[in-house]
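Written out below as structure tokens is the structure these notes cover.
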Amino acid sequence: KIFELLEEHLTRLLKLKAPLYQNLLRDIHKQLITEYIIRIMKKRLYCKTENKQKSVADQIENEAVRLQKLFTCYQSEDTFLESALLKIAEIIRLKDIIAITVEVAALFQDFPDVRKQHIGAILYIKGNVKKSDEKQILNILNAPLNDADTSKDMKLFTTSTVLKTL
């Protein structure tokens with residue numbers, strides 16, 4: 001239902017002139033992905049079993065792919081936004097602490113505004129991460145970034161709305 005409504009509204013926007021259309025599309029796209037991430041973190045899912053983790057990760061991944069296809073169809077220039085959802089899904093899906101750490105590092109590289117409380121909320125969903133492992137994973141956020149793009153377009157996690165939810 002949400003995808004149908006979104007497509008209906010995006011179709012109406014096509015009537016706008018190019019610069020206005022792209023600006024509005026960019027704002028809608030970013031806001032939608034931000035809201036999705038907020039819902040993931042705020043919902044406070046607790047998936048102790050591997051099957052539940054896989055199910056949640058698959059759902060996030062499938063919806064991210066659908067969003068990416070939809071926004072690509074409407075010529076969004078911000079196709080990188082869904083990569084945050086795909087990385088979150090992979091963090092939830094993975095079992096190995098080193099692999100999770102690598103995926104968190106990739107998320108941090110792509111979205112340098114991600115904070116420990118965001119990763120902590122994602123790890124909480126997994127339901128089976130030991131405190132010592134969580135600490136090890138979170139330590140990756142203390143590492144300096146290499147050639148990270150810290151422009152405001154890459155800021156997805158530190159919008160005031162995301163911070164207020166945690």
Side-chain angles (χ1 to χ4, degrees), residues 1-14 21-96 99-129 134 137 141 149 152-166:
K1 177 87 174 158
I2 292 173
F3 284 96
E4 292 169 11
L5 286 172
L6 181 59
E7 190 164 8
E8 181 183 317
H9 289 290
L10 290 176
T11 302
R12 288 186 203 155
L13 294 179
L14 285 171
Y21 171 75
Q22 274 303 325
N23 288 339
L24 197 51
L25 185 64
R26 180 180 301 113
D27 290 346
I28 291 168
H29 194 172
K30 188 172 182 178
Q31 186 63 36
L32 187 72
I33 300 299
T34 301
E35 289 295 326
Y36 194 108
I37 291 170
I38 289 169
R39 296 295 171 253
I40 292 170
M41 292 180 185
K42 197 174 184 179
K43 199 170 187 181
R44 293 292 185 178
L45 292 169
Y46 194 69
C47 308
K48 248 191 152 129
T49 67
E50 285 182 28
N51 285 343
K52 184 65 175 168
Q53 290 169 7
K54 184 182 179 324
S55 173
V56 168
D58 288 347
Q59 180 181 353
I60 293 169
E61 184 176 359
N62 290 337
E63 290 174 357
V65 169
R66 282 184 70 190
L67 286 169
Q68 191 167 33
K69 285 179 183 176
L70 181 65
F71 278 101
T72 299
C73 179
Y74 285 91
Q75 298 146 6
S76 175
E77 297 170 353
D78 291 340
T79 54
F80 68 92
L81 290 170
E82 284 81 10
S83 71
L85 295 175
L86 295 172
K87 284 176 176 46
I88 290 169
E90 195 61 21
I91 291 167
I92 294 168
R93 181 181 292 113
L94 291 169
K95 296 174 228 116
D96 180 65
I100 294 169
T101 304
V102 169
E103 199 62 36
V104 168
L107 180 64
F108 184 46
Q109 185 71 32
D110 291 349
F111 299 94
D113 65 325
V114 70
R115 298 291 178 254
K116 289 182 179 183
Q117 64 263 36
H118 303 128
I119 300 303
I122 296 165
L123 294 176
Y124 178 86
I125 293 168
K126 292 185 69 61
N128 59 358
V129 178
E134 181 178 347
I137 293 166
L141 300 180
D149 183 356
K152 74 177 184 113
D153 288 342
M154 297 299 282
K155 292 187 179 188
L156 192 59
F157 289 87
T158 55
T159 63
S160 58
T161 313
V162 175
L163 285 177
K164 287 178 187 173
T165 63
L166 298 180

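We number each residue from 1, following the sequence as shown.
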Does some side-chain heavy atom of Glu77 sit less than 4.5 Å from a side-chain heavy atom of Gln22? yes
Gly120 to Glu134 - nearest heavy-atom pair and separation: CA-OE2, 3.9 Å
Set of residues satisfying ring-ring contact (aromatic ring centres under 6.0 Å, His included) with respect to Tyr21, sequence neighbours excluded: none
Can you see which heavy atom on Lys126 is nearest to which on Ile92, and at what distance? NZ-O, 2.9 Å
Report the distance from atom CZ of Phe108 to atom NZ of Lys116, rounding to the nearest 0.5 Å. 9.5 Å
Applied to residues 2-11, the salt bridge (Lys or Arg N to Asp or Glu O under 4.0 Å) test, sequence neighbours excluded, yields Glu8-Arg12
Looking only at heavy atoms, which two atoms of Lys48 and Asn128 are closest? And how far apart? O-ND2, 3.7 Å
Using a 4.5 Å cut-off on heavy atoms from C-beta on, say whether the side chain of Ile122 contacts that of Tyr124. no
Could you tell me if the side chain of Ile119 sits less than 4.5 Å from the side chain of Leu107, heavy atoms only? yes
Listed by chain and number, what are the side chain to side chain contact (heavy atoms under 4.5 Å, CB included) partners of Thr72, not counting sequence neighbours? Gln68, Thr79
Apply ring-ring contact (aromatic ring centres under 6.0 Å, His included) to Phe3 and list each qualifying residue two or more places apart in sequence or on a separate chain. none
Here the gap from Ile40 atom CD1 to Ile88 atom CD1, rounded to the nearest 0.5 Å, amounts to 5.0 Å
How would you list, by chain and number, every residue that makes a side chain to side chain contact (heavy atoms under 4.5 Å, CB included) with Ala106, sequence neighbours excluded? Lys87
Within this structure, what is the CD-OH distance for the pair Gln53 and Tyr46, rounded to the nearest 0.5 Å? 10.0 Å
Flag side-chain contact, heavy atom, 4.5 Å: Lys30 against Leu81: yes
Using a strict 4.0 Å threshold on nitrogen-to-oxygen distance, state whether Arg93 and Glu50 make a salt bridge. no
Do the side chains of Ile100 and Leu123 get nearer than 4.5 Å, heavy atoms only? yes
Once side chain to side chain contact (heavy atoms under 4.5 Å, CB included) is applied, do any residues pair with Leu24, and if so which ones, sequence neighbours excluded? Leu13, Leu16, Ile28
Minimal non-hydrogen separation, Leu85 against Ile60, with atom names: O-CG2, 3.5 Å
Can you give me the closest heavy-atom contact between Leu10 and Phe71, atom names plus distance? CD1-CE2, 4.1 Å
Please say whether more than 12 non-hydrogen atoms of neighbouring residues, nucleotides or ligands are located less than 6.0 Å from CG in Leu14. yes
Minimum-distance pair of heavy atoms, taken over all atoms of Ala89 and Ala57: O-CB, 3.2 Å
